[in-house]
Trainee: 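Questions regarding the structure given below will be posed in turn.
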2 protein chains.
Amino acid sequence: MRVYLDIARHLEQEVRHYFQAGDYLPPESKLAKKYDVNRHTVRRAIDELVFTGLIERQQGRGNMVVSQPYDYPLHAGAHFTDNLMEQGSLPTSQVISRGLVAANEKIAGMFGVELESQVIKLRTLRKINGMPASVIDHYLADLHWWPVVKHFEVGSLHAFLKDKLDVHLTRKSTRLRAMMPKKTDCRLLQLSGKTPIMVFKTTNVITGTDRIVEFSSSHTRSDLVEIVLEH
Amino acid sequence: MRVYLDIARHLEQEVRHYFQAGDYLPPESKLAKKYDVNRHTVRRAIDELVFTGLIERQQGRGNMVVSQPYDYPLHAGAHFTDNLMEQGSLPTSQVISRGLVAANEKIAGMFGVELESQVIKLRTLRKINGMPASVIDHYLADLHWWPVVKHFEVGSLHAFLKDKLDVHLTRKSTRLRAMMPKKTDCRLLQLSGKTPIMVFKTTNVITGTDRIVEFSSSHTRSDLVEIVLEH
DNA sequence: CGAAATTTGTTCGTATGTATA
DNA sequence: TTATACATACGAACAAATTTC
């Protein structure tokens with residue numbers, strides 16, 4: 001059983017060998033016919049590739065290949081450093097999902113909006129030398145940004161907002177802890193479940209004001225990344 | 001449409017208000033009946049909560065509530081905040097060992113002294129509400145401080161140095177990672193071995209200079225302490 | 001211990017909604 | 001506007017893991 005995992009593996013090989021970033025997969029319906037399974041099963045397989053950041057779904061358009069093939073990961077144990085001051089403005093991240101979600105109590109409270117009101121949610125994956133290093137959920141308060149944010153694909157979110165919307169963000173506070181990865185973390189970060197992750201929660205305000213307009217939660221592999229703060 | 005999002009929101013509220021970590025949701029079949037939808041739809045809703053780390057699926061068993069709801073009244077001891085900017089000058093730490101040791105390569109390099117030359121080492125334990133929260137190893141470059149440091153017992157090491165020796169220290173850099181505790185960590189911090197620790201390595205200079213005269217390495221329980229940085 | 005019941009996991013089929021070209 | 005493609009939802013069946021008896 002678990003046909004979708006076989007298909008996911010096969011699809012991933014196909015993508016890495018014969019597709020480039022920007023290409024689109026064949027339609028789900030075609031793939032379903034090709035693999036002789038229900039379209040649900042193909043979707044479930046593609047879900048896996050979306051999770052790992054290889055594919056991005058685009059309703060009405062298709063499933064796009066996000067990252068380059070042949071990005072071979074380094075041997076484990078390699079060591080990187082990171083600069084906390086650049087969290088949220090990291091240049092090497094790519095979007096793996098986006099949409100509007102209802103604000104939960106915490107988010108609504110921070111943003112000063114009604115509970116259940118809609119906010120923008122982006123999930124980005126950051127890779128270092130082809131290795132997934134951290135997955136970051138961004139929440140944006142201002143729905144007016146959505147038409148623009150819809151087209152953000154790779155690079156720095158903060159730079160993108162500054163560029164396209166003239167919105168300048170400043171970090172207000174950062175909260176940090178460590179924990180063992182959940183299943184989703186393991187999948188997204190290709191983790192074994194034995195190494196802990198670091199969790200950063202940061203709030204960002206519009207520069208010069210106290211209005212929190214972005215909240216992000218980052219899950220970072222602790223074996224690949226060492227955080228550096230220069231005072 | 002998007003019934004599953006409504007259900008996800010409702011479930012999240014229920015969980016945050018009436019469930020604790022370790023509790024199990026009602027079976028998906030019951031929830032499907034309750035919300036009068038197909039079980040698929042309930043599953044899709046629960047997927048959202050799994051995604052955010054609130055719920056963990058356990059095949060054959062049920063869907064378990066994972067994390068303590070953050071807007072829940074905390075029972076004492078569950079959660080603390082800490083301020084990184086005060087690391088190394090924390091008032092609640094006590095010395096558990098002290099002495100002169102030979103500098104290893106790393107320490108010698110940082111201090112700019114000969115390999116194997118003697119440096120001061122202090123090990124302090126920091127407790128929060130009587131619970132060991134972190135163990136810190138301090139290395140001091142200047143042996144002239146030893147006669148004075150010998151008498152340091154509790155409180156802030158930095159304040160002590162300022163008081164007794166008129167030495168003003170300023171943090172230069174902090175490096176941070178997370179790891180699983182070693183045996184010694186488990187013993188000193190009364191840890192089970194299943195929760196990760198955060199490791200801070202900080203260098204301190206004499207204020208106004210670039211001379212690194214203190215290096216400290218702090219091992220901190222990640223389940224008791226959340227680090228807060230205000231920018 | 002083993003069988004039955006319970007609960008989540010996967011797959012099929014079908015239908016309809018929504019976004020994009 | 002129409003066609004295409006992804007998104008959501010319903011119903012049914014069986015598989016796999018766990019608990020209960």
Side-chain angles (χ1 to χ4, degrees), chain A residues 1-11 15 19 22-51 54-66 95-102 118 120-123 143 146-153 182-184 186-187 193, chain B residues 1-11 15 19 22-51 54-66:
Chain A
M1 278 297 133
R2 301 234 277 179
V3 182
Y4 76 90
L5 279 184
D6 292 335
I7 295 177
R9 278 192 286 270
H10 187 258
L11 267 180
V15 166
F19 289 69
D23 288 353
Y24 284 83
L25 293 184
E28 293 171 353
S29 49
K30 294 268 174 58
L31 288 173
K33 193 165 294 181
K34 172 181 170 187
Y35 289 113
D36 195 26
V37 295
N38 193 272
R39 193 178 134 233
H40 285 309
T41 307
V42 167
R43 276 182 67 77
R44 186 68 184 80
I46 293 175
D47 277 343
E48 293 298 307
L49 306 191
V50 171
F51 281 145
L54 196 68
I55 298 292
E56 182 188 331
R57 310 196 101 108
Q58 295 172 350
Q59 182 173 356
R61 188 176 299 175
N63 295 308
M64 194 185 71
V65 176
V66 173
V95 175
I96 57 177
S97 73
R98 89 185 80 212
L100 302 178
V101 299
Q118 290 204 303
I120 302 170
K121 177 179 178 183
L122 280 177
R123 171 166 289 181
L143 282 182
W146 177 234
V148 176
V149 168
K150 257 204 300 197
H151 300 103
F152 174 64
E153 285 299 338
K182 309 284 181 236
K183 264 188 204 163
T184 307
C186 291
R187 216 172 20 184
Chain B
M1 275 300 137
R2 301 231 280 179
V3 183
Y4 77 90
L5 278 183
D6 292 335
I7 296 177
R9 280 192 287 270
H10 187 257
L11 267 179
V15 166
F19 288 70
D23 288 353
Y24 284 84
L25 293 185
E28 293 171 354
S29 49
K30 294 268 175 57
L31 289 174
K33 194 165 293 181
K34 173 180 170 187
Y35 289 113
D36 195 26
V37 295
N38 193 274
R39 184 162 78 97
H40 284 309
T41 308
V42 167
R43 278 181 67 77
R44 184 70 183 77
I46 293 174
D47 277 343
E48 294 297 308
L49 306 191
V50 171
F51 224 39
L54 194 69
I55 297 292
E56 182 184 319
R57 311 195 98 112
Q58 295 172 352
Q59 183 172 358
R61 187 174 299 173
N63 296 309
M64 194 184 71
V65 176
V66 173

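In the text below, chain A, chain B and the rest are named by the order of the sequence lines, each starting its count at 1. Here the structure is a predicted model, which means the values were calculated and not measured.
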Trainee: Taking the side chain of B:Arg43 as heavy atoms from C-beta outward, which of C:dG9, C:dC12, D:dA7 is closest to it?
Mentor: C:dG9
Trainee: Using only heavy-atom distances, decide whether a donor-acceptor pair under 3.5 angstrom links the side-chain of B:Arg39 to the base of C:dG9.
Mentor: yes
Trainee: Pick the nucleotide of DNA chain C nearest each of A:Gly60 and B:Gly62; which residue has the one closer to the 5' end?
Mentor: B:Gly62
Trainee: Please give, in whole Å, the distance from D:dA3 C1' to A:Lys30 NZ?
Mentor: 12 Å
Trainee: How many Å lie between CD1 on A:Ile7 and C1' on C:dC12, as a whole number?
Mentor: 13 Å
Trainee: Check whether any side-chain nitrogen or oxygen of B:Thr41 sits under 4.0 Å from OP1 or OP2 of D:dC10, and answer yes or no.
Mentor: yes
Trainee: Looking at B:Arg57 and D:dA17, is any side-chain donor or acceptor paired with a base atom of the opposite kind under 3.5 Å?
Mentor: no
Trainee: Taking 4.0 Å as the cut-off, does a side-chain nitrogen or oxygen of B:Arg61 come that near to OP1 or OP2 on D:dA17?
Mentor: no
Trainee: Nearest-Å distance, CD (A:Glu28) to C1' (D:dT4)?
Mentor: 12 Å
Trainee: Given atom CG of A:Leu31 and atom P of D:dA5, what is their separation to the nearest angstrom?
Mentor: 11 Å
Trainee: Give the C-alpha distance, both sets of side-chain angles, the deciding distance and a yes or no for side chain to side chain contact (heavy atoms under 4.5 Å, CB included) between A:Phe19 and A:Ile55.
Mentor: CA-CA 11 Å; A:Phe19 289 69; A:Ile55 298 292; over 6 Å; no
Trainee: Taking all non-hydrogen atoms of both residues into account, name the closest pair between A:Tyr35 and A:His10 and its distance.
Mentor: OH-ND1, 2.6 Å
Trainee: Rounded to whole Å, please give me the gap between CG in B:Leu5 and P in C:dG17.
Mentor: 18 Å
Trainee: In whole Å, what is the span from the CG atom of A:Asp47 to the C1' atom of C:dG9?
Mentor: 14 Å
Trainee: Between A:Asn38 and C:dG13, does any side-chain N or O lie under 4.0 Å from OP1 or OP2?
Mentor: yes
Trainee: Check this for me: does the side-chain of A:Gln59 come within 3.5 Å of the base of C:dT18 through a donor and an acceptor?
Mentor: yes
Trainee: Return the value, rounded to whole Å, for the distance between atom CD of A:Gln58 and atom P of C:dT18.
Mentor: 20 Å
Trainee: Let me know the distance between CZ of A:Arg44 and C1' of D:dT8, rounded to the nearest Å.
Mentor: 16 Å
Trainee: Taking the side chain as every heavy atom from C-beta outward, state whether B:Leu31 and B:Ile7 have any pair of such atoms under 4.5 Å apart.
Mentor: no
Trainee: Around atom NZ of A:Lys34, are there more than 12 heavy atoms from other residues, nucleotides or ligands closer than 6.0 Å?
Mentor: yes
Trainee: Identify the nucleotide, in any strand shown, that forms a Watson-Crick or G-U wobble pair with C:dT10, with both distances under 3.5 Å; if there is none, say none.
Mentor: D:dA13
Trainee: Could you go through the side chain to side chain contact (heavy atoms under 4.5 Å, CB included) check for B:Gln59 and B:Arg57 one step at a time?
Mentor: CA-CA 6 Å; B:Gln59 183 172 358; B:Arg57 311 195 98 112; over 6 Å; no
Trainee: Hey, does the side-chain of A:His40 have a donor or acceptor N/O within less than 3.5 Å of a partner on the base of C:dT14?
Mentor: yes
Trainee: D:dA5 phosphate, OP1 or OP2: any side-chain N/O from A:Asn63 under 4.0 angstrom?
Mentor: no
